[in-house]
Amino acid sequence: MPRALLGGLVLLLFLPELIQADNWPTWRGPRGNSVSTEQNLPLVWNSARGVAWKTEIPGWGTSTPAIWDKWLFVTSQHERDLLLHKLDKVTGQIVWSKTVGQGDVARAPLQKKSDTERQSQKFHELHNLASPSPVTNGQVVVTHFGNGDLAAYDFDGNQLWHRNLQADHGPYTIWWGHANSPVIFEDMVISVCMQDNLVGTGAPPAASYLVAHDVRTGDVRWHTPRATQATAEECDSYTTPLLRQIGDRVELLLMGGNQLDAYDPRTGRQLWAIPGLTGGRTVTGPTLHGDAFGQYVTTTIGMKGPMLTFKLPAADKPLAGEQNKGKMTAWRHDKGTPDSASPVVWENLLFYVTDDGIVRAFDSQTGQPKWQERLPGQYKASPLAADGRVYFVNQSGLTTVLAAGTRYEKLVENQLDDQFIASPAVSEGRIYLRGKQALWCVGKE
């Protein structure tokens with residue numbers, strides 16, 4: 001079997017029990033890597049052509065839809081109301097909308113904060129309280145908002161439980177607004193908070209943490225503080241955990257606070273850690289990839305810092321401590337790395353786009369550069385890989401589709417009349433693009 005095909009096979013084997021055909025249950029999809037295994041996805045569209053439906057969502061937000069079977073779930077903030085919507089994914093009709101809670105968005109200039117300002121979160125102008133993406137297991141949909149509201153609903157719209165993580169664990173001190181999305185593992189939903197520890201401000205310390213709740217009842221199953229060597233804004237991370245299966249063990253991978261580490265998702269116990277990854281607050285999420293010869297995770301070390309790829313330890317080779325950082329590093333790239341969009345891997349090629357549109361391609365295991373080009377516009381959404389293509393969506397609604405190959409090949413440019421921050425979702429031959437004005441379904445009617 002060719003090595004490239006083995007790579008695709010092992011990607012499917014990372015967490016087989018979580019993968020359902022044609023579903024997109026969480027941010028960046030069933031494997032958490034923005035890769036779809038579907039074929040014959042739409043290639044050409046614009047606001048008047050190739051759009052199956054367009055639905056205006058009350059309010060706005062930057063969360064990515066969660067999709068299961070024929071249903072789609074998306075969150076928004078309308079004035080002070082924090083809303084969860086269920087849509088028919090075939091027609092785009094809103095089936096129900098529920099008010100999960102209420103909240104205000106405090107904003108501040110993008111500048112260094114005083115010690116007093118560090119004690120409460122402020123929001124970047126590009127997003128609001130509806131930034132974390134919902135997650136579903138096919139029976140329950142869980143949503144989290146930037147004010148700490150965490151709630152679960154059944155598919156009929158009945159609220160199963162509601163909590164507020166700020167009420168449970170203290171005020172958020174994240175510099176530019178909470179945006180981490182929860183993940184579901186077995187019968188638990190796991191949330192993370194990586195925030196300013198307030199060291200040097202004279203205020204009581206603020207802890208970063210992971211917490212797991214029973215997905216049906218909301219009862220706390222475990223809670224794990226997460227201490228790192230970072231201080232001030234470098235503590236902040238807006239990333240979502242990844243689930244990795246290795247042998248009989250499942251690991252929850254987390255990047256932020258200048259540290260990459262792994263936890264047992266059943267107990268919250270830390271399994272290994274690589275501290276000392278200094279680079280600043282982290283927006284770009286890590287990407288898990290690999291083949292039968294090894295598993296890797298690629299992550300950018302905050303605020304356009306270096307991009308590092310680590311070869312992850314096997315199940316029988318535990319890891320602990322900073323001394324392993326050099327031993328695990330497969331390759332690094334220091335120039336022009338992404339600040340927001342996560343990298344994506346198709347077969348053995350890794351692609352990323354910077355905020356200002358520089359796309360680069362690498363051999364995913366060796367780091368050998370293949371090509372680089374500039375695309376139009378500014379980028380926040382993570383690219384989507386499917387069927388030998390990579391889809392890059394800029395903030396102004398232009399999607400550039402490139403061939404996922406060793407040389408640069410632009411296939412088409414598609415323009416929608418909207419603003420886009422959220423990453424794309426895929427289900428049953430359609431691409432779902434969440435804009436500020438509407439949710440767009442691209443594909444055949």
Side-chain angles (χ1 to χ4, degrees), residues 61-63 77 80 82 101-133 143-150 163-182 190-213 220 223-241 254-261 263 268 270 273 275-285 301-303 305 339-340:
T62 57
S63 57
Q77 180 177 358
R80 297 190 71 250
L82 308 179
Q102 292 188 320
D104 295 307
V105 181
R107 302 198 184 275
L110 294 177
Q111 60 188 27
K112 187 174 181 179
K113 290 186 174 183
S114 69
D115 289 349
T116 300
E117 291 171 328
R118 286 171 57 187
Q119 297 175 37
S120 61
Q121 69 172 347
K122 300 293 187 291
F123 279 76
H124 192 287
E125 63 181 2
L126 291 178
H127 76 126
N128 59 12
L129 297 177
S131 288
S133 299
T143 186
H144 181 229
F145 289 89
N147 69 336
D149 279 340
L150 181 71
R163 309 183 70 105
N164 185 278
L165 298 188
Q166 290 197 89
D168 289 349
H169 306 291
Y172 287 154
T173 59
I174 302 156
W175 279 42
W176 306 118
H178 197 292
N180 311 81
S181 300
I190 301 172
S191 308
V192 300
C193 175
M194 292 176 280
Q195 61 185 355
D196 190 343
N197 55 21
L198 302 185
V199 169
T201 66
S208 296
Y209 57 86
L210 303 83
V211 61
H213 296 90
V220 176
H223 173 272
T224 300
R226 186 176 188 266
T228 71
Q229 300 170 1
T231 60
E233 189 179 5
E234 289 189 356
C235 297
D236 286 356
S237 177
Y238 308 86
T239 64
T240 296
L254 195 57
M255 175 62 206
N258 297 341
Q259 179 169 297
L260 174 70
D261 49 15
Y263 298 82
Q270 189 183 65
L277 305 178
T278 305
R281 59 102 177 95
T282 306
V283 180
T284 304
I301 314 301
M303 288 197 295
D339 183 50
S340 300

message = Does any part of the side chain of L198, heavy atoms only, come nearer than 4.5 Å to the side chain of P205, both counted from C-beta?
response = no
Residues H178, L165; criterion side chain to side chain contact (heavy atoms under 4.5 Å, CB included); working and verdict = CA-CA 11 Å; H178 197 292; L165 298 188; 5.9 Å; no
key: Side-chain touch C235/Q195, heavy atoms, less than 4.5 angstrom   = no
inquiry  = Determine whether a donor-acceptor pair (N or O, by modelled atom type, separation under 3.5 Å) exists between the side chain of T284 and the backbone of D339.
reply    = yes
inquiry  = Distance check, rounded to the nearest 0.5 Å: E234 atom CD versus T228 atom OG1?
reply    = 9.0 Å
key: Side chain N180, main chain S237, donor-acceptor under 3.5 Å   = yes
ask   = With distance as the sole test, does N147 use its side chain to make a donor-acceptor pair with the main-chain N or O of Q102 at under 3.5 Å?
value = yes
task = Verify, without hydrogens or angle tests, whether T240 (side chain) and S181 (backbone) share a donor-acceptor contact under 3.5 angstrom.
result = yes
inquiry  = Under a 4.0 Å threshold between the charged nitrogen and the carboxylate oxygen, would R226 count as salt-bridged to D261?
reply    = yes
task = Specify whether H144 and Y172 have parallel, tilted or perpendicular ring planes, treating 30° as the upper limit for parallel and 60° as the lower limit for perpendicular.
result = perpendicular
task = Kindly indicate whether the side chain of R80, heavy atoms from C-beta on, has any atom under 4.5 Å from the side chain of D104.
result = yes
request  = In sequence, state the C-alpha distance, the side-chain angles, and the governing distance for K113 and W176, and then conclude on side chain to side chain contact (heavy atoms under 4.5 Å, CB included).
outcome  = CA-CA 11 Å; K113 290 186 174 183; W176 306 118; 4.1 Å; yes
